[in-house]
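To keep things clear, I will list the structure first and then write my remarks on it.
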Amino acid sequence: MRFPLALVALCLALPFAARAARAAAAGPVVIVVMDGLRPDSVVEADMPNLTRLARAGTFFSNHHPVYPSTTEVNGTALATGARPGHSGVVANVEYRPELDPLFPLAMEDEWAAWAGDRTARWIAGPTLPLILRAQGFRTGIAGTKGVAMLWDRGWENRSVDSPTVYGGATIPGAFKDRLVASLGPIPIVPDRRYFVNARQDRWTTESLTKVIWAGNLPSLSVLWLSEPDYSQHGTGPGSPQSRAALKSSDDNLGLLLAALDASGQRDRTNVMVVSDHGFSTIVQTVDVLADISQQGIPVGGGFLQKPDPGTVVAVTLGGLVNFYVIGRDRALTERLVRFLQTTAYAGVLFTREKNPGTFGLTDAGMEGPEGPDVVMAMRWSADVPGPGLPPGLVINSSTSYGPRQGMHGSLSRYDMNNTLIAAGPAFRTGFRSETPSANSDVAPTVLRVLGLPMAAAMDGRVLEEALVGGAAPKVETETMQATATVGGRTWRQYLKVSRVDGRTYYLEGNAGPPPVP
């Protein structure tokens, strides 16, 4: 990664010795990401370790992902403290024609990240590990999923003692020898949609606790678990498999806490457990591209030759679809938007030019040159999929999954409410925070806990209300609405947001009028 270290240094105004002393006194920070964990899943029966941790620290009941509510977007927000329009990562899969004019690229793809850093910055700002290592601190990142690579793939100030582990691969490559010698290679597992990915998550946990933590703990450690995301995608939230996945993640948290106890570091370590997004149950899957094509709109998800101006590249992402209009053809964009406003599956529409009945990309925090021209969040409801299952149904745009399986990415209140629990000497004990917070607030808060100032590139805020001696800030909530007349009918959509200290938190949005409070 080619971040200018001078810029990072300018963001950190305290003298180096003072920063080092304060960070050492603060003790290490450990972030555990339980991918896709809904906050209403944190119950004693399934997650006793996390429930106890929540009682010992702060439970953020009004916590949210940045939008879109997908993994790579929120993995980047957690790592950088920046919203998608500033980090440059606006979706799990994006159309980047300067790198591949034929097919969209996965943002966690190694080649895409390598190539992107040579034409522009794949991620537009410094991540937490980069900031800390520039100040001489050790870091350790371990993830079962490739998103861990987005946290820290750079070479600056890198050593084998500050590694990144992602999906069994490592940076630097030499660290893999040490890892395999201790644990063997990452296990090969069956289709992870239909089996709890316990073995790989256990291997990743041990790569952190037994290998990276051999010796002194790094100042920052990150453990990214794949569950309950994989199981919820495969079998839906609340299913027996998904509940077993909750236990698997909770067991790995127990292993991590036991390792801290064994090292004598537990009392001085701040542990933050967070998820990247919430989850909903699929009620229906729609082939959006086929539907649009029937209207005579030239649209595709991949091409044999570079698409011409007047063509739409559509990237279906489950709970949302991103549309890239080649040549930024305004008339074609308006035609596409008008059609989507007649469908039964469009939830909220955002447009670069803010067409009638839509919100702007800025309203979603997705502005920027890499962003699409039209974003469609899929429609959802608060209905319950079945007895004993958690509420939240969504229409799905990805043909890889079907009814009764799980999905996210929409503006459903169940996708947009995720988990954050923090415990340790810096955080209030037995506290339930009702103040809105978001994944972009995690990085600034980590820097405060370590005694470092917030980097200038960060959009989030320090979660003062949860820190010892902190006070809750003022909260304002607003419901935005947009309407348009299409084919003699009225299209209406809403977006409910809260604002704290100038930061916007996305609560929910959908087609139709907002629900009565």
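Between the Ser219 side chain and the Phe137 main chain, no donor and acceptor come within less than 3.5 Å of each other. Proximity of a side-chain donor or acceptor of Asn92 to a complementary backbone N or O of Thr71 within less than 3.5 Å is detected. For Gln232 (side chain) and Ser242 (main-chain N/O), no donor-acceptor pair under 3.5 Å exists by modelled atom type. A donor-acceptor contact shorter than 3.5 Å is absent between the side chain of Asn74 and the backbone of Ala77. Without hydrogens or angle criteria, Thr209 side chain to Thr205 main chain gives a donor-acceptor distance under 3.5 Å. Looking only at distances, a side-chain donor or acceptor of Asn417 sits under 3.5 Å from a matching main-chain atom of His63. Of the possible polar contacts, none joining the Asn62 side chain to the Thr435 backbone as a donor-acceptor pair under 3.5 Å is found. One N or O on the side chain of Gln200 and one on the backbone of Pro187 form a donor-acceptor pair closer than 3.5 Å. One N or O on the side chain of Glu227 and one on the backbone of Ser231 form a donor-acceptor pair closer than 3.5 Å. Under a 3.5 Å cut-off, the side chain of Thr419 and the backbone N or O of Leu37 do form a donor-acceptor pair.
Closest approach of Ser433 and Thr58 over heavy atoms only: CB-CG2, 4.2 Å. Closest heavy-atom contact between Pro237 and Pro390: O-CD, 3.6 Å. Residues Pro444 and Met454 approach most closely at CB-SD, 3.3 Å, considering heavy atoms. In this structure, Ala79 and Ala443 approach most closely via the heavy-atom pair O-CB, 4.3 Å. Scanning both residues, Leu447 and Met458, for their nearest heavy atoms gives CD1-CE, 3.6 Å. Nearest heavy-atom pair, Gly75 versus Trp151, reported as atom, atom and distance to 0.1 Å: O-NE1, 3.6 Å.
Looking at Leu50, Thr51, Val271 one by one, the single match for side-chain contact (heavy atoms from CB on, under 4.5 Å) with Ile421 turns out to be Leu50. When each of Ile141, Leu223, Val442 is checked for a side-chain contact (heavy atoms from CB on, under 4.5 Å) with Ile31, only Val442 meets the rule. The only option from Thr139, Leu220, Leu128 that meets the side-chain contact (heavy atoms from CB on, under 4.5 Å) definition with Asp152 turns out to be Thr139.
Sorted by first and then second residue, the salt bridge (Lys or Arg N to Asp or Glu O under 4.0 Å) pairs involving residues 230-247 (not counting sequence neighbours) are Asp46-Arg243, Lys247-Asp251. Within the structure, every pair that satisfies the ring pair (Phe, Tyr, Trp, His ring centres under 6.0 Å) test and touches residues 253-278, not counting sequence neighbours, is listed here: His277-Phe279, His277-His408. Listed by first then second residue, pairs satisfying salt bridge (Lys or Arg N to Asp or Glu O under 4.0 Å) with a partner in residues 66-85 read Arg83-Glu367, not counting sequence neighbours. Under the salt bridge (Lys or Arg N to Asp or Glu O under 4.0 Å) criterion, the residue pairs touching residues 206-223 are Arg202-Glu206, Glu206-Lys210, with sequence neighbours excluded. Applying the salt bridge (Lys or Arg N to Asp or Glu O under 4.0 Å) definition to pairs two or more places apart or across chains, those involving residues 174-187 are Asp161-Arg178.
Side-chain contact between Asn216 and Arg138 is present, with at least one heavy-atom pair separated by less than 4.5 Å. A heavy-atom distance below 4.5 Å is found between the side chains of Val89 and Ile123. Residues Val273 and Leu420 have side chains not in contact (no heavy-atom distance under 4.5 Å, counting atoms from C-beta outward). No side-chain heavy atom of Val475 sits less than 4.5 Å from a side-chain heavy atom of Arg499. Counting only heavy atoms from C-beta outward, the side chains of Arg413 and Leu507 never approach each other to under 4.5 Å. Within the 4.5 Å cutoff, the side chain of Trp203 has heavy atoms near those of the Leu179 side chain. For the pair Met34/Trp224, no side-chain contact is recorded, criterion being any heavy-atom separation below 4.5 Å from C-beta on. Looking only at side-chain heavy atoms (C-beta outward), Tyr505 and Val497 stay at 4.5 Å or farther from each other.
A search for side-chain hydrogen bond (donor to acceptor under 3.5 Å, both in side chains) contacts involving Ser221 returns Trp213, not counting sequence neighbours. With sequence neighbours left out, the salt bridge (charged side-chain N to carboxylate O under 4.0 Å, His left out) criterion links Arg432 to Glu434. In terms of the side-chain hydrogen bond (donor to acceptor under 3.5 Å, both in side chains) criterion, residue partners of Arg55 (sequence neighbours excluded) are, by chain and number, Glu44. With sequence neighbours excluded, the residues forming a side-chain hydrogen bond (donor to acceptor under 3.5 Å, both in side chains) with Thr477 are Ser498, listed by chain and number. When the salt bridge (charged side-chain N to carboxylate O under 4.0 Å, His left out) test is applied to Glu464, the partners found at least two apart in sequence or on another chain are Arg448. By the side-chain hydrogen bond (donor to acceptor under 3.5 Å, both in side chains) test, Asp415 is found to be paired with Ser280, Ser410, residues two or more places apart in sequence or in another chain being considered.
There is no side-chain donor-acceptor pair under 3.5 Å between Asn439 and Asp276. When only modelled atom types and interatomic distance are considered, Tyr166 and Glu108 share no side-chain donor-acceptor pair under 3.5 Å.
Using a 4.0 Å cut-off between charged side-chain N and carboxylate O, Asp501 and Arg503 make no salt bridge. A salt bridge between Asp117 and Arg153 is present, with a side-chain N of the basic residue lying under 4.0 Å from a carboxylate O of the acidic one.
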His64 vs Tyr506, test: ring pair (Phe, Tyr, Trp, His ring centres under 6.0 Å). Steps then yes/no. CA-CA 7 Å; His64 307 280; Tyr506 301 97; 9.0 Å; no

Go through it in stages, so that I can follow the logic: the residues are Glu156 and Arg158, the test is salt bridge (charged side-chain N to carboxylate O under 4.0 Å, His left out), and I'd like the CA-CA distance, side-chain angles, deciding distance and then a yes or no. CA-CA 5 Å; Glu156 292 95 334; Arg158 172 77 78 172; over 6 Å; no

How far apart are the C-alpha atoms of Asp35 and Ser226, what are their side-chain angles, what is the distance that settles it, and do they pass the side chain to side chain donor-acceptor pair (under 3.5 Å) test? CA-CA 6 Å; Asp35 202 302; Ser226 67; over 6 Å; no

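Considering CZ of Phe175 and OG of Ser162, their distance stands at 10.0 Å, rounded to 0.5 Å. Atom CG in Asp201 sits 11.0 Å away from atom CG in Leu255 (nearest 0.5 Å). The structure places CZ of Phe350 at 8.0 Å from CE of Met366, a figure rounded to the nearest 0.5 Å. With rounding to the nearest 0.5 Å, the separation of CZ in Arg266 from CG in Leu256 is 9.0 Å. Expressed to the nearest 0.5 Å, how far CE of Met407 lies from OG of Ser412 amounts to 13.0 Å.
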Without placing hydrogens or testing angles, list every side-chain donor-acceptor pair under 3.5 Å for residues 422-429, not counting sequence neighbours.
from	atom 1	to	atom 2	distance (Å)
Arg428	NH1	Glu465	O	3.2

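In this structure, Trp380 and Tyr414 have perpendicular ring planes: the angle between them is above 60°, well past the 30° mark.
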